[in-house]
Number of protein chains: 2
Amino acid sequence: MTQIRMTHVIEKIKNAGVKFTRPRKLVLDALRTARQPLSMKEIHKRVRNRADLASVYRTVNLFQELGIVREVQLGEGYQRYEFIEEGRHHHYVLCIECGKLEDIDICFLDRVEKMTNFKILSHSMEFQGLCHSCAE
Amino acid sequence: MTQIRMTHVIEKIKNAGVKFTRPRKLVLDALRTARQPLSMKEIHKRVRNRADLASVYRTVNLFQELGIVREVQLGEGYQRYEFIEEGRHHHYVLCIECGKLEDIDICFLDRVEKMTNFKILSHSMEFQGLCHSCAE
DNA sequence: CTGGTTGCAAACTCTTTGCAATCCT
DNA sequence: AGGATTGCAAAGAGTTTGCAACCAG
């Protein structure tokens, strides 16, 4: 199943008329196997010495345009990025004390679209606070 | 009414044990009279030659800590800030074509807090897309 | 008075870009 | 082969910081 999805992604890249080069493979793998959204630096660390930081930026931006990757805003002063899994749209809650990152499997996009009469193309919806243990 | 609220804000500042200086007055006025959330640059422009950009940064950050101002993430590569009006918590939808900024008078904070068992301290929830006119 | 605050300049972090060398197809 | 892509280094944007001068209380 992951196999099939990967094929889709690689098709997406090739159909866009761009090459599936080594740096792109590396970045794709880093994002695909990550358990959490990664920053550009973290992606670079994972492909260290095999792709330049500038190429990481260029690649992630390309992937974002192709709809392979989405941006996650955790309010840390930089962006994080995660591989988009089909049918699994979600958001995050970050504990500012211990760094724990939890998923919220809900999104209010449809409601907002109806309310506003906008065609929503992108959105961020992330929450920061204290997790159960840290709140005590 | 605005008068009363301002008194509250100024009290808040003085009770924090900090001085209510000229740059702080200027930044407060800029934010208070703005119709939209402002970037640091825009605030600086509004107080131009009367407060340094570094002071604008320091002041806005202070105001944020004091709960006078909140951060608005519109995905433009920098932050915007707005004066917090009591009892008027809301979010934004930005049209990426014409720049129109519309309010959403709803927030899902309570639901998220219940779902996650986190004590939520801050959050961002902003949407980008095409407004009715630009979507045609 | 005097400690908090400011302005200025320099430093930092994150991100983008120009260009010659290199790699895919 | 030949255009797309890369690595490198430099430049841009946004933000923070050290410090002497200054100001509010």
Side-chain angles (χ1 to χ4, degrees), chain A residues 9-31 37-66 68-82 122 124, chain B residues 7 9-31 37-66 68-82 124:
Chain A
V9 167
I10 294 170
E11 282 311 307
K12 226 174 199 173
I13 293 172
K14 291 186 175 162
N15 289 342
V18 301
K19 293 174 183 170
F20 190 49
T21 59
R22 203 177 70 135
R24 287 173 183 166
K25 282 187 190 93
L26 290 166
V27 170
L28 184 58
D29 275 352
L31 285 165
L38 302 176
S39 66
M40 294 288 190
K41 252 191 195 161
E42 287 169 349
I43 297 169
H44 183 225
K45 199 180 287 174
R46 292 197 177 202
V47 303
R48 188 78 81 182
N49 294 328
R50 309 168 106 265
D52 190 73
L53 182 59
S55 297
V56 172
Y57 273 95
R58 284 187 279 230
T59 300
V60 173
N61 289 340
L62 171 70
F63 285 178
Q64 215 186 338
E65 282 162 28
L66 299 183
I68 294 169
V69 149
R70 84 168 187 104
E71 211 172 73
V72 179
Q73 278 281 357
L74 294 180
E76 299 164 297
Y78 50 85
Q79 312 295 131
R80 292 181 172 273
Y81 300 87
E82 73 177 3
S122 67
S124 77
Chain B
T7 311
V9 169
I10 293 171
E11 282 312 305
K12 225 176 200 173
I13 292 171
K14 292 185 175 164
N15 290 341
V18 302
K19 294 174 183 171
F20 191 49
T21 59
R22 204 177 71 134
R24 287 174 184 167
K25 282 186 190 93
L26 289 166
V27 170
L28 184 58
D29 275 351
L31 286 164
L38 302 176
S39 66
M40 294 290 190
K41 253 190 194 162
E42 286 169 348
I43 297 169
H44 183 225
K45 199 180 286 173
R46 292 198 177 202
V47 303
R48 187 78 81 182
N49 294 328
R50 310 169 105 264
D52 189 72
L53 182 59
S55 298
V56 172
Y57 272 96
R58 284 187 278 230
T59 301
V60 173
N61 289 339
L62 171 69
F63 285 179
Q64 215 186 336
E65 282 162 29
L66 298 184
I68 295 169
V69 150
R70 83 168 187 105
E71 211 172 73
V72 179
Q73 278 282 357
L74 294 179
E76 300 163 298
Y78 50 82
Q79 311 295 133
R80 293 182 171 275
Y81 301 88
E82 75 178 3
S124 77

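Lettering follows sequence order; numbering is per chain, from 1.
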- Message: Just to be sure I understand the rule, does Arg24(A) reach a base, reach only the sugar-phosphate, or reach nothing, if contact means heavy atoms closer than 4.0 Å?
- Response: sugar-phosphate
- In whole angstrom, give the distance that lies between atom CD of Glu76(A) and atom P of dC14(C). 10 Å
- Query: When the distance from CZ of Arg58(B) to P of dG7(C) is rounded to whole Å, what number comes out?
  - Reply: 8 Å
- Message: With nearest nucleotide decided by heavy atoms, which residue, Phe20(A) or Gly17(B), maps closer to the 5′ end of DNA chain C?
- Response: Gly17(B)
- Query: For DNA chain D, whose closest nucleotide is more 5', that of Ala54(B) or that of Ala54(A)?
  - Reply: Ala54(A)
- Task: Give a yes or no on whether a salt bridge exists between Arg80(A) and Glu71(A), defined as a side-chain N under 4.0 angstrom from a carboxylate O.
- Result: no
- Message: Would you say Tyr57(A) places a side-chain N or O within less than 4.0 Å of OP1 or OP2 belonging to dT16(C)?
- Response: no
- Task: Report yes or no: does Glu65(B) contribute a side-chain atom to a donor-acceptor pair with the main-chain N or O of Leu62(B) at less than 3.5 Å?
- Result: no
- Distance below 4.0 Å between Lys19(B) side-chain N/O and dC23(D) OP1 or OP2: no
- Item | Presence of donor-acceptor pair under 3.5 Å, side chain of Arg50(B) and base of dG7(C) | no
- Item | Residue met sooner reading DNA chain D from 5', once Thr21(B) and Leu53(B) are mapped to nucleotides | Leu53(B)
- Query: For dG14(D), does either OP1 or OP2 sit under 4.0 Å from a side-chain N or O belonging to Tyr78(B)?
  - Reply: no
- Query: Only one of Val56(B), Val27(B), Ile43(B) clears side-chain contact (heavy atoms from CB on, under 4.5 Å) with Leu38(B); which?
  - Reply: Ile43(B)
- Item | Nearest-Å distance for atom pair CD/C1', residues Glu42(A) and dT15(C) | 16 Å
- Check: Arg70(A) side chain, Gln64(A) main-chain N or O, donor-acceptor pair, under 3.5 Å: no
